[in-house]
Engineer: 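Below: one structure in structure tokens.
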Amino acid sequence: MQYRTLGRTQLSVSILGFGASPLGDVFGATNPSEGKRAVHLAIDEGINFFDVSPYYGLTLAEERLGQALEGRRSEVILATKCGRYGEDSFDFSAPRVASSLEESLQRLRTDYVDLLQVHDVEFGNMEQIIQETIPAMRRLQAQGKARYIGITGYPLKPLMRIAEAVPIDSILSYCRYNLLIDDMDSVLMPVAEKHGIGVINASGLHMGILTERGAPDWHPASEEVREAGRRAAEFCRAHGVDLSELALRYCFEYPRVASTLVGMSKSENVRRNLHALATPGDPEILRQVRAILAPVFNTVWPSGRRENHD
Ligand code: NAD
């Protein structure tokens with residue numbers, strides 16, 4: 001396993017990170033024992049970076065990850081979030097940030113997290129996040145409950161706005177760098193690098209579109225984007241290639257981010273993603289898949305408050 005330092009933190013994270021949202025059944029029902037096996041296999045194979053949130057499965061993902069990490073907490077770098085608690089439930093206030101972390105620590109069965117992130121900043125008021133949420137998180141850091149603090153979200157504009165306004169340690173950006181899109185590279189990275197902020201790339205499979213199974217019902221992408229994903233999967237199948245492995249390989253080769261988070265809840269997918277990490281992709285297949293996806297490349301959807309849209 002290869003590791004990279006997250007920005008200016010002292011966190012050395014595996015370039016393949018374990019996204020724990022599927023443990024909360026957000027991509028369909030999963031088997032908790034199998035989820036635990038997936039977590040243990042990942043750790044045994046050198047994956048040390050785990051990302052979760054109270055939002056995933058409305059606390060279920062944290063609960064299950066906490067159970068799986070019992071006895072193994074010291075082997076991992078653990079990231080969770082605050083501010084988002086449901087599809088339409090947000091609270092970025094200082095008191096809620098503090099109570100949220102206490103609750104997360106209980107579910108995760110630990111007394112500190114390595115990274116506490118504001119979840120989906122585009123649903124918040126920028127002034128509140130800058131003046132209230134981040135300072136509250138710094139106080140929790142001073143108390144030793146979170147080693148570092150960061151922000152997450154989909155549109156790039158609010159992530160950059162916050163990064164320019166207040167010191168933060170990390171940015172998690174999702175669905176903005178993979179085979180379907182790459183504006184994170186040209187738009188977000190220069191700002192993050194200017195401030196020494198570590199960047200985490202999430203959803204290299206575009207939240208399921210770049211998989212055989214396809215997108216879940218709740219996926220916000222347009223039908224054109226989903227259809228392009230299906231055509232890419234079909235092409236790969238016909239050539240004996242796994243689209244997900246190809247897509248992840250593309251992300252793992254991107255050197256400007258510390259880690260690529262992939263959602264996992266089964267040991268089989270952990271194995272496949274480790275295989276993707278270790279196996280060079282076929283450049284000709286990659287070229288043809290990119291051509292299939294080209295008509296919808298860099299298509300984005302609106303997320304959050306209107307004033308925070310890109
Ligand atoms: P993803 O693009 O990683 O896709 C996950 C889906 O792909 C799941 O259904 C999973 O079972 C499946 N999958 C994984 N490996 C596979 C393989 N080899 N073959 C076929 N299918 C495979 O989407 P994601 O889970 O949303 O993103 C990864 C992680 O990033 C999340 O779990 C979360 O930790 C983080 N994330 C954070 C935010 C945020 O903070 N706002 C947003 C999105 C993602």
Side-chain angles (χ1 to χ4, degrees), residues 13 16-31 34-35 38-39 42 47 49-57 60-62 64-65 78-84 87 90 115-124 150-156 158-159 170-181 184 199-221 229 233 236-237 241-252 257 259-277 279 303-304:
V13 292
L16 164 57
F18 194 110
S21 69
L23 294 180
D25 291 353
V26 304
F27 289 91
T30 62
N31 175 336
E34 177 53 26
V39 168
I47 294 175
F49 186 39
F50 285 74
D51 176 75
V52 70
S53 163
Y55 171 48
Y56 301 146
L60 185 63
E62 277 193 339
R64 286 181 173 168
L65 183 61
L78 183 55
T80 193
K81 313 195 183 86
C82 58
R84 181 163 202 175
E87 178 66 25
F90 299 90
L115 183 62
L116 177 65
Q117 306 158 101
V118 189
H119 199 162
D120 291 342
V121 292
E122 67 269 28
F123 290 90
I151 57 175
T152 80
Y154 177 70
L156 302 178
L159 295 172
S170 69
I171 298 176
L172 183 161
S173 166
Y174 74 97
C175 288
R176 300 307 281 244
Y177 186 90
N178 60 50
L179 285 179
L180 277 163
I181 189 159
M184 183 184 90
V199 177
I200 301 153
N201 184 25
S203 310
L205 301 174
H206 220 63
M207 300 193 301
I209 290 194
L210 298 171
T211 66
E212 270 294 321
R213 183 163 76 154
D217 292 343
W218 50 259
H219 203 295
C236 285
R237 205 179 311 125
V241 171
D242 181 68
L243 171 61
S244 301
E245 284 202 22
L246 187 82
L248 289 178
R249 181 78 213 164
Y250 177 80
C251 294
F252 297 146
V257 294
S259 186
T260 297
L261 283 172
V262 189
M264 294 182 269
S265 58
K266 294 185 206 144
S267 22
E268 185 200 333
N269 280 349
V270 175
R271 267 189 216 99
R272 287 165 74 181
N273 298 337
L274 288 163
H275 182 257
L277 189 61
T279 318
S303 174

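Keep in mind that what you see is a predicted model, and the values were worked out from it rather than measured. Both counts, for ligands and for their atoms, begin at 1 and track the order of listing.
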Engineer: Please confirm whether the backbone N or O of H206 pairs with a side-chain atom of H219, one donor and one acceptor, at under 3.5 Å?
Structural biologist: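 Answer holds: yes.
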
Engineer: Ligand 1 versus Y56, non-hydrogen atoms closer than 4.0 Å: side chain, backbone, both, neither?
Structural biologist: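 The answer is the side chain.
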
Engineer: Looking only at distances, can you tell me whether any N or O atom of Y174, backbone or side chain, sits closer than 3.5 Å to an N or O atom of ligand 1?
Structural biologist: no

Engineer: Counting both backbone and side chain atoms, is some N or O of S21 under 3.5 Å from an N or O of ligand 1?
Structural biologist: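 It does: an N or O of S21 is found under 3.5 Å from an N or O of ligand 1.
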
Engineer: Which ligand 1 atoms are under 4.0 Å away from a heavy-atom of A202?
Structural biologist: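 With A202 as reference, the close atoms of ligand 1 come out as 30 (O), 35 (C), 36 (N), 44 (C).
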
Engineer: Could you tell me whether S244 approaches ligand 1 through its side chain, its backbone, both or neither, with non-hydrogen atoms closer than 4.0 Å?
Structural biologist: side chain

Engineer: With side chain to side chain contact (heavy atoms under 4.5 Å, CB included) as the test, would you mind laying out the steps for V262 and L205 before giving the verdict?
Structural biologist: CA-CA 7 Å; V262 189; L205 301 174; 4.0 Å; yes

Engineer: With heavy-atom distances below 4.0 Å as the criterion, list the atoms of ligand 1 near N269.
Structural biologist: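 Those of ligand 1 that fall under 4.0 Å from N269 are 11 (O), 13 (N), 14 (C), 15 (N), 16 (C), 17 (C), 18 (N), 19 (N), 21 (N), 22 (C).
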
Engineer: Please list, in number order, the atoms of ligand 1 under 4.0 Å from a heavy atom of H119.
Structural biologist: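 Reading through ligand 1 atom by atom, the close ones are 39 (C), 40 (O), 41 (N).
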
Engineer: R213 heavy atoms, cut-off 4.0 Å: which ligand 1 atoms fall inside?
Structural biologist: 9 (O)

Engineer: From L243 CG over to L210 CG, what is the distance, rounded to the nearest 0.5 angstrom?
Structural biologist: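 With rounding to 0.5 Å, CG (L243) is 5.0 Å from CG (L210).
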
Engineer: Select one of side chain, backbone, both or neither to describe which atoms of L205 lie under 4.0 Å from any atom of ligand 1, heavy atoms only.
Structural biologist: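 Both backbone and side chain.
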
Engineer: Check ligand 1 against G208 and write out every atom of the ligand that is under 4.0 Å from a heavy-atom position of the residue.
Structural biologist: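 This gives 2 (O), 4 (O) as the contact atoms.
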
Engineer: Name the orientation class of the two ring planes belonging to Y250 and Y177 (parallel below 30°, tilted from 30 to 60°, perpendicular beyond 60°).
Structural biologist: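 Rings of Y250 and Y177: parallel, under 30°.
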
Engineer: Taking only heavy atoms of L261, which atoms of ligand 1 are found under 4.0 Å from at least one of them?
Structural biologist: 28 (C), 29 (C), 30 (O), 35 (C)

Engineer: Does D51 use its side chain to pair, donor to acceptor, with the backbone of G19 at less than 3.5 Å?
Structural biologist: no

Engineer: What residue among K266, R272, R271 forms salt bridge (charged side-chain N to carboxylate O under 4.0 Å, His left out) with E268?
Structural biologist: R272

Engineer: Is Q117 near ligand 1, meaning one of its heavy atoms is under 4.0 Å from it?
Structural biologist: no

Engineer: Testing the 3.5 Å rule here: is there a donor-acceptor pair between the side chains of E62 and T80?
Structural biologist: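 A pair is found: one side chain offers a donor N or O, the other an acceptor, under 3.5 Å apart.
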
Engineer: N/O of G263 under 3.5 Å from N/O of ligand 1, yes or no?
Structural biologist: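 Yes, at least one N or O pair falls under 3.5 Å.
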
Engineer: Have a look at S53 and tell me which of Q117, H119, R84, K81 forms a side chain to side chain donor-acceptor pair (under 3.5 Å) with it.
Structural biologist: H119

Engineer: Within a distance under 4.0 Å of any heavy atom of L172, pick out the atoms of ligand 1 and give their elements.
Structural biologist: 37 (C), 38 (C), 39 (C), 40 (O)

Engineer: Please identify which atoms of ligand 1 are closer than 4.0 Å to at least one heavy atom of G19.
Structural biologist: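 Here the atoms of ligand 1 in question are 29 (C), 31 (C), 32 (O), 34 (O).
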
Engineer: If you measure every N/O of D242 against every N/O of ligand 1, is any gap under 3.5 Å?
Structural biologist: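 Between D242 and ligand 1 (N or O atoms, distance only) the closest approach is not under 3.5 Å.
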
Engineer: Donor-acceptor check, side chain of N178 to backbone of L180, threshold 3.5 angstrom: yes or no?
Structural biologist: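 Yes; at least one donor-acceptor contact below 3.5 Å.
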
Engineer: Would you check whether M207 has a nitrogen or oxygen atom less than 3.5 angstrom from a nitrogen or oxygen atom of ligand 1?
Structural biologist: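 So ligand 1 has an N or O lying under 3.5 Å from an N or O of M207.
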
Engineer: Evaluate the criterion salt bridge (charged side-chain N to carboxylate O under 4.0 Å, His left out) for residue pair R249 and E245; output intermediate values, then yes/no.
Structural biologist: CA-CA 6 Å; R249 181 78 213 164; E245 284 202 22; over 6 Å; no

Engineer: Would you say A20 contacts ligand 1, with heavy atoms under 4.0 Å as the rule?
Structural biologist: yes

Engineer: Of the backbone atoms (N, CA, C, O) and the side-chain heavy atoms from C-beta on, which set of H206 has a member under 4.0 Å from an atom of ligand 1: side chain, backbone, both, or neither?
Structural biologist: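 Backbone only.
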
